[in-house]
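First comes the structure, then the notes that go with it.
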Protein chains: 2
Amino acid sequence: MAGSGTRARPHGSRPRLSDVAEEAGVSIATASRALSGAAGVSESMADRVRTVAAELGYVANLHARTLAGGPTSVVGLVVHEIGDPYFAEIASGVLGLAAAEGLTVQICHSGRDPEAELTQIRTLIANGVGAVIVAGSGFVDREIRAKVTATLKSYLADGGRVAVIGRHHLAVDTVQPENDKGGHAIAEHVVSLGHRRIGIISGSRALTTIHDRLGGMDRALQAVGLGVASTPLVEAAFTRDGGKEAALELLERAPDVTAIMALNDDMAIGALSVLRDRGIPVPGQISVTGFDDVAVAQDLAPSLTTVRLPMGEMGRQALELALSPAAKRSRRRTARAELIVRASTAAPRT
Amino acid sequence: MAGSGTRARPHGSRPRLSDVAEEAGVSIATASRALSGAAGVSESMADRVRTVAAELGYVANLHARTLAGGPTSVVGLVVHEIGDPYFAEIASGVLGLAAAEGLTVQICHSGRDPEAELTQIRTLIANGVGAVIVAGSGFVDREIRAKVTATLKSYLADGGRVAVIGRHHLAVDTVQPENDKGGHAIAEHVVSLGHRRIGIISGSRALTTIHDRLGGMDRALQAVGLGVASTPLVEAAFTRDGGKEAALELLERAPDVTAIMALNDDMAIGALSVLRDRGIPVPGQISVTGFDDVAVAQDLAPSLTTVRLPMGEMGRQALELALSPAAKRSRRRTARAELIVRASTAAPRT
DNA sequence: TCCTTGAACGTAAGCGCTTACGTAACCGCT
DNA sequence: AGCGGTTACGTAAGCGCTTACGTTCAAGGA
């Protein structure tokens with residue numbers, strides 16, 4: 001953990017609190033109180049100290065402050081992959097609010113590796129962040145989940161704050177997108193268009209998000225006598241390339257499908273590219289749907305029918321939860337899923 | 001800066017170095033040396049301490065370590081907007097290498113506001129990061145630039161490490177994409193197809209990146225008796241919506257253009273959507289080009305002719321520079337620009 | 001055998017802050 | 001005038017670590 005770290009500068013030319021105090025002719029205790037807005041300093045004195053601090057360009061040393069028990073001003077954010085638009089937009093929401101609150105954010109991305117995620121959560125906690133936000137689906141794996149839960153619990157017990165996005169089984173503050181409802185809506189849209197030979201391209205079912213979305217889809221399919229279990233389904237990486245792979249395999253296994261539901265937009269984009277390469281018209285021959293409504297979904301050709309999730313807002317709310325005083329019971333905010341019908345879906349050819 | 005921060009937990013149940021030392025029956029100095037791999041401890045003793053530490057689940061307190069003069073393990077990254085694929089991919093490169101090196105990354109995004117950027121650089125430095133990476137075009141504004149430079153210089157003088165991406169005028173380690181060369185390549189491609197009535201949609205020229213890209217384009221245009229100065233050019237926000245706006249205005253001002261060069265992919269995407277809305281065939285009637293080659297460029301319809309920049313690699317290299325020991329002279333690494341010809345460009349109708 | 005030497009470990013002094021507690025001055029009250 | 005109660009500030013004890021400097025002890029040279 002240290003190895004390649006750069007060495008801290010010895011003193012630096014940065015003024016210290018003692019410099020400010022001396023210059024203002026007060027004790028460092030008074031200076032500290034004045035600058036932190038604590039009680040016990042006269043208004044005139046506080047003003048004087050603040051002025052001197054400004055003149056000297058004084059900025060408190062975060063490490064010293066935190067070590068001494070002051071307020072923390074950094075929060076941690078763990079995502080699967082920051083390069084993904086889904087997570088990038090969540091991060092953007094978090095960063096936006098953080099900046100407004102004068103906080104900075106430490107971000108880790110796990111590359112979708114459960115072990116790495118656990119390690120990173122621990123690292124963030126060790127780094128002394130005041131709050132941790134974990135974004136992205138949890139892993140179904142019992143053992144990992146137990147460890148994550150235990151880690152977060154003990155962090156909470158130590159006074160840390162935690163919020164998760166899309167992981168409703170953890171008993172902590174949660175921002176939960178309506179994965180089930182969204183899955184239901186999109187599947188219902190597809191069947192209501194008349195599709196009955198439907199294929200699904202999915203990420204790993206080890207992700208709870210997938211599980212929930214599939215659950216919603218299943219309900220809609222059941223309503224017309226189908227079901228996820230009896231539907232051709234291919235699992236692949238939850239990415240564009242995974243979508244390509246899955247689409248290829250799906251077309252092989254079930255060449256007669258009239259609709260393909262992808263479990264996120266990235267996979268749908270991959271599927272679209274495969275269909276384009278094959279010269280299969282969308283939605284003429286096959287309809288395609290996504291999930292998330294990443295920014296580019298509207299710019300694809302055909303523009304993508306999908307379920308919109310307010311990613312930025314979700315990030316923002318997660319931070320809000322994390323910043324609000326801890327509650328006895330864990331709170332939950334729901335992020336609405338909204339069906340966005342665009343040009344990639346149509347009734348099947350008869 | 002403090003205000004909304006959460007309060008640091010008082011003790012927490014986290015084991016401290018003294019706990020490890022006691023358990024192992026040594027002094028904390030020895031324990032510290034053993035864990036940091038410093039000399040002066042016998043191998044057997046070091047092993048014992050490490051074992052105990054592992055058993056106790058000991059993780060060093062970052063703040064204490066840094067305050068005491070240990071190595072820093074967090075680096076700062078400043079980008080314009082983390083939600084943009086361009087910056088998200090840079091961040092992904094940084095995070096990837098950082099994780100491998102056992103470092104964590106504090107990310108700020110300025111929302112393209114020069115003042116905010118300066119503030120955030122200062123905040124990161126105040127937070128005690130060991131290195132800061134500033135990504136994204138610099139602002140041409142003299143005053144701001146001087147302040148940024150001064151801030152980074154004094155940070156460097158204090159032993160901090162700095163690397164910038166795409167800001168060649170700062171005398172610090174730089175990863176520089178070939179903006180000029182890329183601009184030249186794409187413009188040359190367009191004119192070589194036969195286009196002579198070309199429009200440009202651009203972000204603010206206050207960004208050095210834009211300046212450089214336009215410079216390259218100008219050289220290519222000059223070669224056929226044109227030039228940026230005599231070319232219809234619309235400035236707007238460096239985003240998808242900015243691209244829409246700019247495209248609308250451009251079509252009004254110069255309805256007879258046969259090609260539109262956008263200064264990044266986001267703007268090109270916006271332009272494409274306007275053209276689609278208007279029913280203007282691309283590239284049938286108007287060719288469109290972008291810049292950056294964000295992931296979705298290949299998935300648009302038509303797929304986008306653009307200039308590829310290795311964003312992830314740029315981020316990675318920036319961190320590499322920042323981690324390598326400081327050199328007397330500032331180093332520069334060049335990120336190659338590569339023309340990617342896809343389906344959005346064609347010869348003009350005759 | 002005595003002294004030098006260096007490896008191995010302990011002692012303790014901070015790093016720059018926050019804050020519990022102590023102290024002095026001052027208020028109004030009886 | 002004498003008292004308790006504020007208020008405004010100073011003193012000093014850490015927060016959990018790193019590291020310069022001491023100390024101890026075994027090995028080696030004379």
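Letters go in sequence order (proteins before strands), and every chain restarts at 1.
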Gap between atoms CD and P, on B:E43 and C:dA8 respectively (whole Å): 10 Å

B:Q106 versus A:T104, side-chain donor and acceptor atoms under 3.5 Å: yes

Protein-nucleotide distance (B:L17, atom CG; D:dC15, atom P), rounded to Å: 13 Å

Euclidean distance, atom CG of residue A:L67 to atom P of D:dT18 [Å, nearest integer]: 12 Å

Of the listed nucleotides C:dC9, C:dC17, D:dC17, the one nearest the side chain of A:R65: C:dC17

Nearest-angstrom distance from the residue atom CD of B:E22 to P of D:dG16: 14 Å

Residue B:R16, side-chain heavy atoms: nucleotide from D:dC17, C:dG16, C:dT18 that is nearest: D:dC17

A:L124 and A:I121, any side-chain heavy atoms less than 4.5 Å apart: no

d(CZ, A:R48; P, D:dA8) in whole Å: 15 Å

Gap between atoms CG and P, on B:D47 and C:dA8 respectively (whole Å): 14 Å

Below 4.0 Å: OP1/OP2 of C:dT19 and any side-chain N or O of A:S32: no

OP1 or OP2 of C:dG10 under 4.0 Å from side-chain N/O of B:T30: yes

Plane angle bin for A:H63 and B:H63 - parallel if under 30°, tilted between 30 and 60°, otherwise perpendicular: tilted

B:E22 atom CD: more than 12 heavy-atom contacts under 6.0 Å: no

Among D:dG10, D:dA8, C:dG10, the one nearest A:S27 by side-chain distance: D:dG10

Nucleotide nearest A:A29 (side chain, heavy atoms from C-beta), chosen from D:dT11, C:dC9, D:dC17: D:dT11

Rounded distance (Å) that lies between atom P of C:dC17 and atom NE2 of A:H63: 12 Å

Rounded distance (Å) that lies between atom C1' of C:dT19 and atom CG of A:L35: 15 Å

Residue closer to the 5' end of DNA chain C, A:A68 versus B:S42 (nearest nucleotide): B:S42

Aromatic centroids of A:H109 and A:F87 separated by under 6.0 Å: no

Comparing B:R33 and B:N61 on DNA chain D - which has the more 5′ nearest nucleotide: B:N61

